[in-house]
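Just so you know, these numbers use all the heavy atoms, side chains as well, and skip hydrogens, waters and symmetry mates. Here is how names work: the chains are called A, B, and so on, in the same order as the sequence lines, proteins then strands, and each is numbered from 1.
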Amino acid sequence: MDPTTLLVSMASMGGLGLLFSVGLSLANKKLYVAEDPRITEVTGALPGANCGACGYAGCANFAENIVLGEAELSVCNVASSDAIEEIAGILGIEATASEPRVARIMCQGGDAEAAKKAEYIGIQSCLAADLMAGGEKQCSFGCIGYGDCVKACPFDALYLHGNRLPVVIEERCTGCGKCLDACPRGVIELHPESHRLFILCKNHDSPKESRKMCARACIGCQICARALEGDQIVMDDHLAVIDYDTYGQEAILPTDRCPTACLVVSENRLQQEQEAI
Amino acid sequence: MDPMPKIVGAVKTRTFKKGVHPTDYKAFTNAEKIEYPPLPDNVFIPLQQHIGEPGRPLVSPGDEVKTGQCVGRSDKYVSSPVHASVTGKVKAITTLPHPVGARAQMVHIQRTGEDEWDLLPVPEDWRTEPLENLRELVQEAGIVGLGGAAFPTHVKLSPPADKAIDAFILNGCECEPYLTADHRAMVELAEKILTGMGILMRVLGVEKGYIGIETNKPDAIEAMRACCTRIGLDVPVIPLQTKYPQGAEKMLIQAVLDRKVPAGGLPMDVGVIVNNVGTALAVTEAVTEGKSLVQRIVTVTGNGINTPKNVMARIGSPFSHLVDCCDGLKEETSQVFMGGPMMGIAQFDLAVPVIKATSGIICTTDSISEKGKTLPCIRCGSCISACSMNLLPTRLARLTEMKQLEAAGELGIDHCIECGSCAFVCPSQIPLVQWIRVGKYRLSQLN
């Protein structure tokens, strides 16, 4: 091959490259948009899960809005208290420490406990089953058991137990609340970590009916409500509900007095889960 | 059983585009006369049996009620009152399983004896009575569309002033397999049905009426034609090709008048009102006899029932009562549906009551809905060729699954009439209608 061809092509390509790089660097100088450096810093401090639970398109978008003062830092449930403090430090504002919250499954009516009314054949999704006569369990308040919440969790903090009840892995749960939106029955609640006593049932049916429907249903016997002073546990249409505003955390009830074992201390539940695994 | 429809003479039959041809299984009951079974001892009247606002109970436990007495109503316009279907005592107002799923409030009435009617005031001659009174009578009688959708008839009879109605179609298609309630009504009660049609046409101020009947009911076509000639009513009986969903309003209008209801529109947008033959029958009973809607014809059929029959059932009779009147279920029966097999609802409890929309109770020994395992879509396009609404069922299902609901909305997911043709033809047995239903619900939650 003619060496000049080589030289000419190398020189012309090199020259073009040089020309464009100069053009690009000039354009970079000329068209530079000054971005608040804090946005990058805040983005770095946020969890980076892009779960969307804050209502923004992702962590970067959320960071932009925090810096602009259009979003409240507290709407991010996922960030740890250290991260919140760090971001508050970057922005020079006061960090409002909020207690981390975790999702709790307020139903214990798995395949073994809840009575069935029919066999369900169709899309394996809680919403689809709920729209179709409410799924196969008789109870119209409890967990349907097809794991829409498991599919919705961006942190892999939920799994479907063999008994077809979702289980929360507390260490992974960030309290983003995605599972609450996915559940068509509203069985999942977010609770501050310090809440330890729960009534894991949502059934408002009369005792006669709820007893037939599920071995773990609250039958509205009021034993727990009477055992505590004042209105710490209130009755709402055959269902005992803990009023966490008045309920003293140190007063843990002897849970073995609940005839259907739906009054549960969270440690017990953790233990049960570990045994089950 | 002969799956092929019998063609009447050499008449060219009209129809709509697309659709499917399920085996009709009508031979079980299409020659069985309508029977009047013994009255049930207990009836359960759901306060919601129609599209629209549920009623509030007007009676309390211990009250004595007469047949035809109103026991629940709402003040809202799009609603319909419900009536006691036997004479007896109100036992309770409780929440019990409802045949369309979930549980609902019902009035439990225990029968104390034979019927004592609480009749509505009837006009001397409906041909001269003010239209407003007739409309009110239809509303008071609790009449809803008895074809299956149960839309309050008085609302249909009051089209807005800007919609000029020029045609009335009486729907005698009964395109769902198994069902023969409308068929038998046309054969046995043709005159009453045509009287009802006359009343409805007068209320609407319509001159032109048509009767659409599928060709698999040659005796019904014959009976209706003969009756028209006898009473001197000048309406053509139009034989329609036996095809599903021929009885859906929009398909029927396309077949009979070659008019196309616009997407998202109503039949009244093209100047048509469609009513079912069962509804016309109920209108006649209300206007000429003063009887509220307390009974309807129900086809109890399928290979899982000992004696398939068409029965005149009181609203609120438990399914088990009708099943007993047909000599009970066979031992190997595995599924019971309310309505037809294409759009009907599987039941989990035979204690559920007959409602105004109960056109049939189908008992089968082989599970109709469980055909087998759902397989991946092979993109054969069968569902698209079947969809009489010209939608893309497989795409809508997929978009719903991927939660792309706006896209599904743009492709017209809300226009799906849930006729079930797509799921019926799907070789991969994908529950397409269920997906579309989920998509519609999710989309409604977004907006």
Practice item. Mind running side-chain contact (heavy atoms from CB on, under 4.5 Å) on Lys117(A) and Asp349(B) for me, showing each step along the way? Key: CA-CA 8 Å; Lys117(A) 61 182 178 197; Asp349(B) 194 345; over 6 Å; no

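- Around the CZ atom of Arg395(B), the shell of radius 6.0 Å holds no more than 12 heavy atoms that belong to other residues, nucleotides or ligands.
- Atom CZ of Phe151(B) is surrounded by more than 12 heavy atoms from other residues, nucleotides or ligands within 6.0 Å.
- There is no contact between Glu136(A) and chain B, counting heavy-atom distances below 4.5 Å.
- Minimum heavy-atom separation, Leu131(A) to Val438(B): CD1-CA, 3.9 Å.
- Using a 4.5 Å cut-off between heavy atoms, Ile123(A) contacts chain B through both its backbone and its side chain.
- Listed options Arg103(B), Arg437(B), Glu401(B) were ranked by heavy-atom pairs under 4.5 angstrom with chain A; first place goes to Arg103(B).
- Rounding to the nearest 0.5 Å gives a distance of 11.5 Å between CD of Gln429(B) and CD1 of Ile121(A).
- Residue Gln445(B) places its CD atom among more than 12 non-hydrogen atoms of other residues, nucleotides or ligands, all under 6.0 Å distant.
- For the atom pair OG1 of Thr95(B) and CD of Glu209(A), the computed distance is 7.5 Å after rounding to the nearest 0.5 Å.
- Other residues, nucleotides and ligands contribute more than 12 heavy atoms inside 6.0 Å of the CZ atom of Arg164(A).
- Here Gln434(B) contributes atom CD and Leu127(A) contributes atom CG; the two are 9.5 Å apart, rounded to the nearest 0.5 Å.
- Counting heavy atoms of neighbouring residues, nucleotides and ligands inside a 6.0 Å radius, atom NZ of Lys403(B) does not exceed 12 of them.
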